[in-house]
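We count ligands from 1, going down the list as the structure has it; atoms in each ligand are counted the same way. For the single chain, residues carry numbers from 1 onward in sequence order.
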Amino acid sequence: MPKVIIHDAIDEAGVDLLKSRADLDICEVARDDDDTLRREIADADGLILRYLPLRAEMLEASTRLKVIARHGVGCDNIDLAVATARKIPVATVGDANAVTVAELTLYFMLAASKKARHYDESVRRGEFLVREAADHLELYGRTVLIIGFGRIGRRVAARCRAFEMRVECCDPYIPQMEIIDAGCTPVADFAEALPRADYVNVHVPLNDETRHLIDRAALARMKPGAILANAARGPIVDGAALHEALQSGHLAGAGLDVFDEEPPRLDDPLLSHPATVLMPHMGGSSRGAFIRMATRCAQNVLDALDGKLDSSFVFNTEALD
Ligand code: NAD
């Protein structure tokens, strides 16, 4: 009987989908129980994985694995080279949580523009007259630069257009007509567009090219008073340089769902800075997204075991050859 490991809890909807198949042995492994995982992976046929770093040693201990179904979009916690060499496809959840991350990005843009933390705390302290400052901003009529026009970036673009913003997008890896057809302006070089953007949002994967894409030099090129949102991966932005840019007043605010180190250290100055709006890496984790992600990764496992895994969900398609 094929064995499927669910590592770390997923929504019941996904577990129920797997259980609807009588011919499966389902093995649920708790988040920190590495010993059980190491033992069970040896003869497992499928693995549903959330955040655990799945390194070479663990993959090499498996003898029958036919699919790793990531409960998420990124694959940076998996040793892809080893998975591919062993012909194990790594499947992700497609756009199951794209709208969730897109909404969080709009929340960051709005919360930073409206100085949500400052005015909320002022009202609670009885300082109603702070309203005289009227120094919060509108999205209307302003320019946003979206870096990465994939599943999330294009949903952010559509929502920004609904706010009547001017939307510029940089993604050299897709046909530029897709950006134009979405009513946005393509830019070839994001650095060139930084000085005119009131908002900069990153929606690219983390890799060697994008690590510190927003570094000290990029931050310096940003328009004074601009707002940065990162709901992609922490290391895409140089956190220390971002703090300097906020501290000097060059940037007006930043929304961060992700950090260099997670969880961030309590003495990370971005945590105490008044111009940051923070979330604990849950941009893709709403109630609805959890159900969609759990059912998608369970379906990916079932499809892989049936030999009909949809390649559009597979990250390392070479493993399907
Ligand atoms: P996607 O693969 O659909 O889109 C990424 C886009 O970035 C692609 O179109 C690609 O061509 C483009 N790109 C790659 N390198 C680029 C570069 N150097 N410059 C400009 N564009 C570049 O991915 P997605 O589903 O939109 O997700 C984007 C990222 O968001 C993921 O890689 C993941 O790290 C992150 N994410 C975070 C959460 C969260 O909880 N905060 C949830 C889901 C995804």
Side-chain angles (χ1 to χ4, degrees), residues 49-51 70-78 80 90-109 144-160 167-179 181-182 184-194 197 200-215 218 228-237 254-260 262-264 277-290 292-294 296-297 311-317:
L49 190 72
R50 288 188 64 189
Y51 304 115
R70 257 287 284 144
H71 182 277
V73 174
C75 287
D76 35 298
N77 59 332
I78 298 171
L80 273 179
V90 178
T92 64
V93 295
D95 61 3
N97 64 1
V99 75
T100 324
V101 184
E103 285 192 10
L104 179 80
T105 305
L106 266 293
Y107 160 77
F108 281 150
M109 294 168 73
V144 58
L145 171 63
I146 294 171
I147 307 175
F149 198 71
R151 290 172 291 235
I152 297 169
R154 61 189 66 204
R155 285 173 168 81
V156 172
R159 284 154 181 77
C160 289
V167 184
E168 299 196 9
C169 303
C170 176
D171 191 329
Y173 300 109
I174 59 162
Q176 300 301 286
M177 271 315 287
E178 291 184 15
I179 296 175
D181 288 346
C184 306
T185 305
V187 295
D189 176 9
F190 83 94
E192 174 268 322
L194 287 172
V200 175
N201 303 332
V202 285
H203 300 291
V204 293
L206 175 63
N207 53 37
D208 289 345
E209 185 197 7
T210 61
R211 189 174 298 276
H212 282 195
L213 187 76
I214 306 296
D215 59 6
L228 176 75
N230 183 10
R233 286 291 182 267
I236 293 169
V237 175
L256 303 172
D257 185 42
V258 287
F259 302 85
D260 261 334
E262 293 186 6
V277 185
L278 309 175
M279 287 286 269
H281 197 155
M282 59 185 294
S285 317
S286 68
R287 180 83 188 91
F290 256 64
R292 292 191 297 272
M293 288 198 290
R296 183 68 257 165
C297 59
S311 61
S312 67
F313 292 109
V314 176
F315 203 78
N316 55 343
T317 44

Nearest atoms (heavy-atom pairs only) where Ile174 meets Ile179: CD1-CG1, 4.0 Å
Determine whether the side chain, the backbone, both or neither of Asn97 has a heavy atom under 4.0 Å from any heavy atom of ligand 1. side chain
Is there a nitrogen or oxygen of Met282 sitting under 3.5 Å from a nitrogen or oxygen of ligand 1? no
Below 4.0 Å from any atom of ligand 1, is there a heavy atom belonging to Ala232? yes
Would you mind reporting whether Val202 and Phe190 have side-chain heavy atoms less than 4.5 Å apart? no
Could you tell me whether ligand 1 has any atom less than 4.0 Å away from a heavy atom of Leu206? no
Would you tell me which option among Cys170, Pro280, Pro205, Ala102 has the nearest heavy-atom contact to atom 32 (O) of ligand 1? Pro205
Checking the N or O distance criterion of under 3.5 Å, is ligand 1 in contact with Arg151? yes
Part of Val73 with heavy atoms under 4.0 Å of ligand 1, whether side chain, backbone, both or neither: side chain
Residue-ligand contact Pro172/ligand 1, heavy atom below 4.0 Å: yes
Identify, for atom 8 (C) of ligand 1, the protein heavy atom at the shortest distance, and state residue, atom and that distance. Asp171 OD2, 3.3 Å
So is Gly74 touching ligand 1 or not, going by heavy atoms under 4.0 Å? no
Taking only residues two or more places apart in sequence, or in another chain, which ones meet His203 in a ring pair (Phe, Tyr, Trp, His ring centres under 6.0 Å)? none
Quick one, Arg211 and Leu206 - any side-chain contact, counting heavy atoms below 4.5 Å? yes
Arg70 side-chain N/O to Arg50 backbone N/O, donor-acceptor pair under 3.5 Å: yes
Are any of the N/O atoms in Gly284 less than 3.5 Å from those in ligand 1? yes
Quick one: which ligand 1 atoms are inside 4.0 Å of a heavy atom on Thr210? 18 (N)
Would you indicate whether the side-chain heavy atoms of Asp95 and Arg154 approach each other to under 4.5 Å? no
Proximity to ligand 1 by part of Phe149, non-hydrogen separation under 4.0 Å: backbone
Note the single closest protein heavy atom to atom 5 (C) of ligand 1, along with its residue, its atom name and the distance in Å. His203 O, 3.6 Å
Could you check, using the six-membered ring where one of them is a Trp, whether Phe259 and His281 have ring centers closer than 6.0 angstrom? no
Asp257, portion touching ligand 1 at heavy-atom distance under 4.0 Å: side chain
Looking at atom 21 (N) of ligand 1, what's its closest protein heavy atom, distance included? Val204 CG1, 3.5 Å
Heavy-atom closest contact (Cys75 atom, Leu80 atom, distance): CB-CD1, 4.3 Å
Counting heavy atoms only, which part of Val101 comes closer than 4.0 Å to ligand 1: side chain, backbone, both or neither? side chain
